[in-house]
Amino acid sequence: MKSILEGKKLLILGATYSECVLIKRAKELGVYTIVTDNQLDHSISMAKDYADEYWDISWSDIDTLAELCREKGVDGITAGWSEIRVDCLIKLCKRLGLPCYCTDEQLDITRNKRKFKNECIYNGVPVVKEYKKPDEVENFPVIIKPVDRAGSIGISVANNREELDCAYAYAMELSLCKDVIIEDYISDAVKIDSYYIVMDGEIYFVSTDDVIMAANNGTDRIVQSGWVLPSRHHDEYREKVDEKVVAMIRHMGIEYGTLFFSGFANDKGYFAMFETGFRLDGGYLQEYFAEKGYVNMLDVYIYHALLGHTRDLSIGSDKKPELKCATVNIYATRGKIAKIGGFDEIGKLETCSFTLRSARIGQVCDDDKAILDKIGMYYFCSESAEELSSDVKTAYKLLVTTDENGNDMIYDRFDPELVKRW
């Protein structure tokens, strides 16, 4: 049966490894794909070798892109996994009169930590305790972050007054709008995420996860080594927080797209949300949600970009309520990557639903950031926690990433037994 999207032209802002995922799905739907960035090295912009067409134009060059979109007859545009590119998406769609799932106001709330927190408070969503000024802090540790930077840029943890002063100055320096948030550093709770899909104004809560932080992070890093879905706190989140988050999404006027909310939870009923993303999530969970019976999350963006609506999609229902998912993130220590292996073999494991290699041979990795360079990721889906744990263990044995001297460059391998606790 011919797809309703057959032959339509979709411009994707960006051409990294992530965009290959979006291209693959768009092609399955019969869409003609175009990617764009100003990176000429295809080992970095590998999506240029996979798309039907590529442009060597920066995704921020709105004037040139608008002219070329008209010339080439582009039907729709999407931006995938980047808030910075979503900002350009909004501008470009406005220029061309094309559908855009997000508005300036919505993006501003979801990527500005101050505005997000105020929106949470307005709708009754629980948040982390905040200090207005550094001299108000009496108990340590605290976390300091610019309100308007993503990807953990400018974020530090302070364990004493001297560290607080340095961290505050650092965050202020990197804040574009010169505003900083100081909050309690939560150590007696686990990090959780919740996921929502919005189609034609209808809001659907689809899952939660518990985050496995790298064991050797300390307070210097916030590397997330894994996610397990659903969260142990799933039912309690749904009872105490979900309705308020739905009200918040509705209050923001969001009608299309996907959102993930990050926060903390513990066994004492504590919940506090601290950030959100109004874009595709970095867990690439579309395969897991599709396997459970929900809509493919990529389709929401592709259909809306090309048609201006998602009426031809059905959200579906949870056909596999016992299906669990264990995601493994692989980050690099300092060094130059000489060898990467194992991803193909991992992808052949029976329960493996998704793999993505993001690093390349010859890439120089540093270790002076809160989040390290990512080598790749993969996840497994099964109703059996025992099976998931076993496959996580097997995958670690298959995976190889070494530097020029043969040294292991994998930053952290979490204990596969942790998966059984969910």
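In this text, all values refer to a predicted model and were calculated from it rather than measured experimentally.
Side-chain N/O atoms of Glu19 and Thr16 include a donor and acceptor closer than 3.5 Å. Counted by atom type alone, Asp242 and Tyr196 present one or more donor-acceptor pairs between their side chains at under 3.5 Å. A donor-acceptor contact closer than 3.5 angstrom links the side chains of Asp200 and Tyr256. A donor-acceptor contact under 3.5 angstrom links the side chains of Asp209 and Tyr195, judged on distance only. Side-chain atoms of Thr333 and Asp367 include no donor-acceptor pair closer than 3.5 Å. Ser384 and Ser382 share no side-chain donor-acceptor pair at under 3.5 Å. Checking Asp108 against Asn112 by side-chain atom types alone, no donor-acceptor pair falls below 3.5 Å.
The aromatic rings of Tyr294 and Phe289 stand perpendicular to each other, their planes meeting at an angle above 60°, with 30° marking the opposite boundary.
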Start with the C-alpha distance between Lys244 and Phe271, add both sets of side-chain angles, then the distance that settles side chain to side chain contact (heavy atoms under 4.5 Å, CB included), and finish with yes or no.
CA-CA 12 Å; Lys244 297 171 183 177; Phe271 287 94; over 6 Å; no
Test Ile155 against Arg149 for side chain to side chain contact (heavy atoms under 4.5 Å, CB included), laying out the working first.
CA-CA 9 Å; Ile155 295 180; Arg149 299 303 298 266; over 6 Å; no
For Asp188 and Asn266: C-alpha separation, side-chain torsions, deciding distance, then whether side chain to side chain contact (heavy atoms under 4.5 Å, CB included) applies.
CA-CA 7 Å; Asp188 60 346; Asn266 64 23; 4.3 Å; yes
Stepwise, does the side chain to side chain contact (heavy atoms under 4.5 Å, CB included) test hold for Asn296 with Arg25?
CA-CA 9 Å; Asn296 186 314; Arg25 181 56 182 167; 3.6 Å; yes
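For the atom pair CD1 (Ile12) and OH (Tyr301), the distance works out to 13.5 Å, reported to the nearest 0.5 Å. Taken from CG in Leu418 to CD1 in Ile212, the straight-line distance is 5.0 Å, to the nearest 0.5 Å. Separation of atoms OH (Tyr411) and CD1 (Ile330) is listed at 13.0 Å; rounding is to 0.5 Å. The line from CZ of Arg111 to OG1 of Thr276 is 13.5 Å long, rounded to the nearest 0.5 Å. In this structure, the separation between CG on Leu65 and OG1 on Thr36 is 5.0 Å, given to the nearest 0.5 Å. Note: Asp193 CG to Leu259 CG = 12.5 Å, rounded to the nearest 0.5 Å.
The side-chain heavy atoms of Arg413 and Leu399, taken from C-beta on, include no pair separated by under 4.5 Å. Within the 4.5 Å cutoff, the side chain of Thr103 has no heavy atoms near those of the Ile90 side chain. Side-chain contact between Val180 and Met172: present, with at least one pair of heavy atoms (C-beta onward) separated by less than 4.5 Å. At least one side-chain heavy atom of Leu11 sits under 4.5 Å from a side-chain heavy atom of Trp55.
Using a 4.0 Å cut-off between charged nitrogen and carboxylate oxygen, Lys91 and Asp87 count as a salt-bridge pair. A salt bridge links Asp37 and Lys48; the closest N-O separation between the charged side-chain nitrogens and carboxylate oxygens is under 4.0 Å. A salt bridge links Lys24 with Glu28: at least one charged nitrogen is closer than 4.0 Å to a carboxylate oxygen. Glu183 has no carboxylate O lying under 4.0 Å from a charged side-chain N of Lys113, or vice versa, which leaves the two without a salt bridge. Salt bridge annotation for Asp104-Lys94: present, with a cationic side-chain nitrogen under 4.0 angstrom from a carboxylate oxygen.
Ile84 CD1: 12 or fewer foreign heavy atoms inside a 6.0 Å radius. By the 6.0 Å contact criterion, CG on Asn118 is enclosed, its count of non-hydrogen atoms from other residues, nucleotides or ligands being greater than 12.
Taking the six-membered ring for Trp, His304 and Tyr101 have ring centres at least 6.0 Å apart. Between Tyr284 and Tyr379, the ring center distance fails the sub-6.0 Å criterion. Taking the six-membered ring where the residue is Trp, the centroids of Phe205 and Tyr237 are separated by under 6.0 Å.
Here the closest non-hydrogen pair linking Phe140 and Asn159 is CB-O, 3.4 Å. Summarising the geometry of Asp184 relative to Ile143, their closest heavy-atom pair is O-CG2, 4.0 Å, with the distance given to 0.1 Å.
With a 6.0 Å cutoff to the six-membered ring centre and a 45° limit on the axis angle, Lys27 counts as a cation-pi contact of Tyr50.
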Donor-acceptor contacts, no H, no angles, side chain residues 345-358, under 3.5 Å, sequence neighbours left out:
from	atom 1	to	atom 2	distance (Å)
Thr351	OG1	Asp391	OD2	2.4
Ser353	OG	Glu291	OE1	3.3
Arg357	NE	Ala359	O	3.2
Ser358	OG	Lys374	O	3.0
Ser358	OG	Ile375	O	3.2
Ser358	OG	Gly376	N	3.4

